[in-house]
2 protein chains.
Amino acid sequence: MDTVNIEGRAYHHGDLKPSLLEVALQVLDTEGLEAVSIRRLARELGVAHSAPANHFATRKDLLTGMAEVCFDELSLAQQRAQDDVGCPRDESALKALYRATLNYGLCYPNRYRMMFRWGDLNAEDTGLQTRIEILYRRLMQCMASTGGDTPLFSNETRAIALWSMLHGYMVMRIEGTIQGGFHDEINGMPREEALFALLTHLTSEPTGFAG
Amino acid sequence: MDTVNIEGRAYHHGDLKPSLLEVALQVLDTEGLEAVSIRRLARELGVAHSAPANHFATRKDLLTGMAEVCFDELSLAQQRAQDDVGCPRDESALKALYRATLNYGLCYPNRYRMMFRWGDLNAEDTGLQTRIEILYRRLMQCMASTGGDTPLFSNETRAIALWSMLHGYMVMRIEGTIQGGFHDEINGMPREEALFALLTHLTSEPTGFAG
DNA sequence: CCTTCTATATTGACAGTGTCCATATTTACC
DNA sequence: GGTAAATATGGACACTGTCAATATAGAAGG
């Protein structure tokens, strides 16, 4: 029997799971996280409202799946940026990582927001955890190459500090928390540049900086 | 006529707005943000499902009102912590601010999460904006007292960097992003202490740190 | 005191949601 | 080919936010 009924749609979509993720990310980008509902996606794809349940049992599972895709995207962007720079064991490798993350977050603010709202995701999902660890490992590699452990601050401390600062800035900028009393430029330098200079200062030896 | 009808409830609650905020924060703390629904609160307070609409037209407005209360709490906690230290123009004033914020976020993780999700709030609400500016001004005061402007990094740069780092760390810790590959202690020092030492390093003159 | 106006609360309705259920179809495998 | 698993369907339930029309309370002024 043919797989297409009178209404012109197949009983089996055949490729529903990836299609769901694709449409979900599109809706996320254009209309925000609240607009991403299971029924909405089903409607969009012309399947029954309950069809997605076979692939994502709950909405949380759907968001988790979306986040995994996004983490892969971000990771790839970081990798590419570092490859373009050349030797990854260089100070500019950190800058490449910084720029790539900043760029991804500003290009896809809604994705970035969702990716780090682990309270709304399946935080115990191993796929999510391994992806975060990949990002962390890449950052640690940068730390090891720019200075190495310091008697004052270990690589781990500096890595967490760096990531915290970058992430905190991203979140406040995306959410709009940093808008009112803040300026876009500081001493004529774009704010992101000033922050990166400060990040670099963080990763350098305190004694080696004084000149 | 008496204000209490047969069912034992008054037609006018009389104090609905603050009661809504109180119960809402309680639900937020114990069951998370998703559990905070207008109808739920109305049920909890024994009023009609549509009664809250007189005080908070939409759910967004309700969350905004809750956030304002929380920002006042946090601001007060910061103020108290700095007063306990003594002279606010001291390096330990920054530490007091750091500790107070850290403590508030860890005591009320769900409140902290909500307060900075401005995408889910009325970001154009002036009450919200003035409260954020108060926090920022307090931080800038700390910057001015510990070192002052540096040829390398302005007070504003350092303030944003500090706040970003603290906020990013808080968010990732609360959300559970920092759990898997991260350790609670670094070189035998609690992670929060190590981060504060690094924050202090940020606020100090680069030349004055080398010993 | 009585009237009037405003603030507040009520009930009802609508569309949307997540999630479960029993059922139907398709695909894959033995 | 026949059987089991994967996938899709439609119905149901309880919940949500939001709007509209209505009713009551309190406050203000004659």
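Letters A, B, ... are given to chains in the order of the sequence lines, protein chains preceding strands, and every chain is numbered from 1. This is a predicted model, so every value here is computed, not measured.
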What does A:Arg39 touch in the nucleic acid at a heavy-atom separation under 4.0 angstrom: a base, only the sugar-phosphate, or nothing?
-> base
Expressed in angstrom and rounded to an integer, what is the separation of A:Asp15 atom CG from D:dA6 atom P?
-> 18 Å
For A:Phe56, look at atom CZ and say whether over 12 heavy atoms of other residues, nucleotides or ligands are found less than 6.0 Å away.
-> yes
Select base, sugar-phosphate, or nothing to describe what A:His13 touches, counting heavy atoms under 4.0 Å on all strands.
-> sugar-phosphate
Any B:Arg43 side-chain N or O less than 4.0 Å from OP1/OP2 of D:dT16 = yes
More than 12 heavy atoms of other residues, nucleotides or ligands under 6.0 Å from CD of A:Gln26: is that the case?
-> no
For B:Lys60 and D:dG17, give me the distance from atom NZ to atom C1', rounded to whole Å.
-> 13 Å
What is the distance, rounded to the nearest whole Å, between atom CG of B:Leu41 and atom P of D:dC15?
-> 15 Å
Picking from D:dA8, D:dT18, C:dT10, the nucleotide nearest the side-chain atoms of A:Ala51 would be D:dA8
Is there a side-chain polar atom (N or O) of A:Ser50 under 4.0 Å from OP1 or OP2 of D:dT9?
-> no
Ignoring the backbone of B:Arg59, work out which of D:dT18, D:dT9, C:dT19 is nearest its side chain.
-> D:dT18
Atom CG of A:Leu20 and atom C1' of D:dT7 are separated, to the nearest Å, by 12 Å
Are A:Phe71 and A:Phe116 an aromatic pair by the rule of ring centers under 6.0 Å?
-> yes
Please state how far atom CZ in B:Phe56 lies from atom C1' in D:dT18, giving the value in whole angstrom units.
-> 16 Å
Base, sugar-phosphate alone, or nothing: which one does B:His49 contact when heavy atoms must sit under 4.0 Å apart?
-> base
Distance in angstrom units between B:Asp61 CG and D:dG17 P, rounded = 13 Å
Would you say a side-chain N or O of A:His55 is under 4.0 Å from OP1 or OP2 of D:dA8?
-> yes
Is any N or O donor-acceptor pair between the side chain of A:Asn54 and the base of D:dA6 shorter than 3.5 Å?
-> no
Between A:Tyr104 and A:Gln78, a side-chain donor and acceptor under 3.5 Å = no
Do side-chain atoms of B:Arg131 reach the backbone of B:Gly127 as a donor and acceptor pair under 3.5 angstrom?
-> yes
